[in-house]
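First the structure, in the form of structure tokens, and then the observations on it.
As the structure is a computational prediction, the values presented were derived from the model and not from experiment. Note: hydrogens, waters and symmetry copies are ignored here, and every other heavy atom, side chains too, is used.
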Amino acid sequence: MIKNKNLRSITGIMMALLLVVGQFFTGGADVFAASKQVALNITDISLSVGQSQKLKVSNGKKVKWSSSKKSVVSVNKNGTIKAKKAGTATITAKASGKKLKCNVVVRKPSAKKKDVLVAYFSQTGTTRAVAKKIQKLTGGDLLQIKPQKKYTSNYDKLVKIAKKEINKNTRPKVTTVAKNIKSYDVIYVGYPIWWGTTPRVVNTFLEKYNLKGKTVIPFCTSGGSDINGSLSDLRKSCKGATIKKGYTANTGSTTEIRKWLKEIKEIGNTNPSNTPVSTQKPIASPTVIPTQEPTLAPTQIPTIEPTKVPTVTPNQTPKAEPTITPTTTPNQTPTVTPTPDSSSSENGKLLVAYFSWSGTSEKIAQNIIAQTGADSFRIERETPYSTDYTETAYGDAKTEADTNARPPIKEPLASVAQYDKIVLCYPIWWHTAPMTVGTFLESYDLTGKMIYPISQSASMSRTQYEESVAFIKECAKGATVDDGLFTKNNTEIQSYIEETVMK
């Protein structure tokens with residue numbers, strides 16, 4: 001009897017366990033099924049007139065297809081598109097409550113001139129800006145290289161993902177197709193520098209095609225590195241192609257790009273109005289964020305893809321495509337800190353004021369304070385900037401720079417009347433000083449005072465630094481602004497402080 005009761009108890013327990021386990025696996029299957037994304041197999045494609053391509057929607061039901069320009073590209077109910085005439089169009093697939101889009105560019109090959117494709121990968125929008133200018137100057141077609149799995153907009157996470165892909169030399173899948181690649185004579189390939197080389201999605205795209213006999217011309221955006229370090233990996237993916245001299249965007253201006261194109265003899269030494277003009281309208285695509293695109297670029301924050309171009313180099317803290325280089329740690333509050341040995345001499349009392357988002361400018365300022373015994377003041381926005389690189393670089397920082405805003409600063413000093421000299425440390429953000437620096441300077445009567453700018457950035461563009469000094473001169477009315485120092489070298493900074501500031 002006891003044995004039977006024990007047997008029934010054990011059986012009951014086992015049944016209960018099986019039920020729980022069954023529910024677990026069933027739930028797991030449901031979760032797995034729910035995680036499947038409705039997606040289009042191709043998001044960007046180039047075709048020649050007469051070519052067709054089948055588009056497919058995965059995990060979608062009752063797909064309805066439409067074309068924004070039926071005269072350029074038609075699409076049937078099965079998702080097969082056909083190129084009819086040169087131009088651009090967008091194919092839309094409506095499925096499961098979502099709208100999925102495929103950008104299409106159609107070319108009619110020319111027997112009289114070179115056929116040009118400008119293919120690019122852009123994480124933050126910087127490389128895209130350069131690509132569009134090349135397209136306009138060369139008359140080429142514009143095609144964006146997109147990864148099947150979109151990269152995160154979180155800068156720190158992106159750096160880790162990029163490093164892993166490069167270390168393992170992986171080939172992430174892409175949703176971009178150049179079906180008419182054979183019709184192009186010249187292919188420009190653009191990308192941000194990631195860990196000193198090409199993002200691996202670029203290699204994936206190139207290795208899908210036979211490029212023998214083609215001319216491949218690379219261009220890049222970066223927060224610090226130039227294009228040379230990426231060429232070895234690029235060549236491996238372009239077997240049989242002729243690789244021409246590449247271009248690293250400094251200012252990323254049309255003038256700079258035109259000069260490069262003339263040097264490599266891809267456009268003539270003619271008046272700009274006589275250069276080829278593309279008939280393709282740029283395809284709108286979401287801007288994914290400073291670079292640096294991260295040189296994975298900009299120091300911190302944008303130098304970033306346009307030239308503001310992020311560059312991620314293994315020994316560099318990626319945080320720079322606009323050279324926005326925020327160097328202020330958002331969670332720190334500005335305080336005036338008099339040091340016990342405040343520097344007050346016949347040369348005048350000194351204040352070291354600094355703005356720092358990433359910590360770089362703060363370290364520079366702290367070294368100067370230790371060297372001089374000066375008072376210090378941290379310039380911080382009243383509403384702290386986000387600690388997320390993309391959010392700050394491509395959000396508040398860019399908006400403030402574009403609108404020349406003066407955001408309120410936290411706990412401003414009541415006066416700076418007691419100081420004769422002010423050392424001003426800051427990063428480059430979107431080619432100039434952060435706008436909060438302007439707020440600080442314009443809050444006080446600086447008549448008769450000396451201002452000593454000290455700055456740095458991921459790209460270390462001298463032009464951008466000079467723009468920042470011009471900005472400081474505009475904001476520091478009545479003050480004398482020194483040419484300052486643009487460096488990350490602590491020895492150079494110490495010498496400048498000793499020989500110029502404390503002289």
Side-chain angles (χ1 to χ4, degrees), residues 122-130 132-133 153 155 192 221-224 249-254 256 287-311 318-328 330 354-358 360-361 379-381 383 385-407 409 424-442 453 455-475 484 486:
S122 183
Q123 172 67 2
T124 63
T126 303
T127 306
R128 179 186 300 112
V130 175
K132 287 181 178 179
K133 290 174 184 177
S153 61
Y155 181 78
T221 56
S222 163
N250 181 19
T251 65
S253 67
T254 300
E256 183 179 87
T287 300
V288 180
I289 341 56
T291 280
Q292 231 159 359
E293 245 212 26
T295 281
L296 244 199
T299 303
Q300 303 177 348
I301 272 188
T303 278
I304 277 186
E305 242 190 88
T307 330
K308 281 168 165 200
V309 176
T311 303
K319 271 186 182 171
E321 204 168 48
T323 288
I324 238 191
T325 276
T327 312
T328 258
Y354 63 96
F355 171 84
S356 184
W357 180 87
S358 68
T360 305
S361 291
I379 303 168
E380 185 175 13
R381 197 173 70 156
T383 302
Y385 290 105
S386 168
T387 56
D388 181 89
Y389 174 81
T390 301
E391 218 175 287
T392 296
Y394 295 94
D396 289 351
K398 190 173 192 306
T399 299
E400 290 171 358
D402 289 345
T403 60
N404 196 29
R406 293 294 182 273
I409 60 175
L424 191 61
C425 303
Y426 59 91
I428 298 296
W429 275 20
W430 292 104
H431 296 192
T432 187
M435 294 299 104
T436 42
V437 171
T439 305
F440 169 77
L441 293 170
E442 293 176 1
S455 185
Q456 42 68 42
S457 74
S459 66
M460 293 305 290
S461 166
R462 184 75 196 179
T463 300
Q464 294 174 17
Y465 171 67
E466 289 171 356
E467 287 182 28
S468 77
V469 173
F471 171 76
I472 288 169
K473 287 179 179 178
E474 289 176 9
C475 298
F486 188 49

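Rounding to the nearest 0.5 Å places OG1 of Thr432 at 9.5 Å from CD of Gln464. Rounding to the nearest 0.5 angstrom, the gap separating the CG atom in Asn404 from the CD atom in Glu474 is 7.5 Å. Annotation: the span from Ser461 atom OG to Glu466 atom CD amounts to 8.5 Å, rounded to 0.5 Å. Interatomic distance, OG1 of Thr403 versus NZ of Lys398, reported as 10.0 Å (0.5 Å rounding).
Between Ala249 and Gly252, the shortest heavy-atom contact is CB-CA, 4.2 Å. Of all the heavy atoms in Ser468 and Ala433, the pair that sits closest is CB-N, 3.6 Å. Scanning both residues, Phe486 and Met460, for their nearest heavy atoms gives CE2-C, 3.4 Å. Nearest approach of Tyr465 to Pro453, heavy atoms of both residues: OH-O, 3.5 Å. Between Ser361 and Cys425, the shortest heavy-atom contact is O-CB, 4.2 Å.
A distance-only check finds a donor-acceptor pair linking the side chain of Glu256 to the backbone of Asn250 [under 3.5 Å]. Judged by distance alone, with hydrogens and angles left aside, the side-chain atoms of Ser386 form no donor-acceptor pair with the main-chain N or O of Thr392 at under 3.5 Å.
A search for side-chain contact (heavy atoms from CB on, under 4.5 Å) contacts involving Thr383 returns Arg381, not counting sequence neighbours.
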Side-chain donor-acceptor contacts of residues 434-442 below 3.5 Å, not counting sequence neighbours, with atom names and distances?
unit_1 : atom_1 : unit_2 : atom_2 : d
Thr439 : OG1    : Pro407 : O      : 2.8
Thr439 : OG1    : Met435 : O      : 3.3
Glu442 : OE1    : Arg406 : NE     : 3.1
Glu442 : OE2    : Arg406 : NE     : 3.2
Glu442 : OE2    : Arg406 : NH2    : 3.2

Derivation of the side-chain contact (heavy atoms from CB on, under 4.5 Å) call for Tyr426 and Ile379: CA-CA 9 Å; Tyr426 59 91; Ile379 303 168; over 6 Å; no
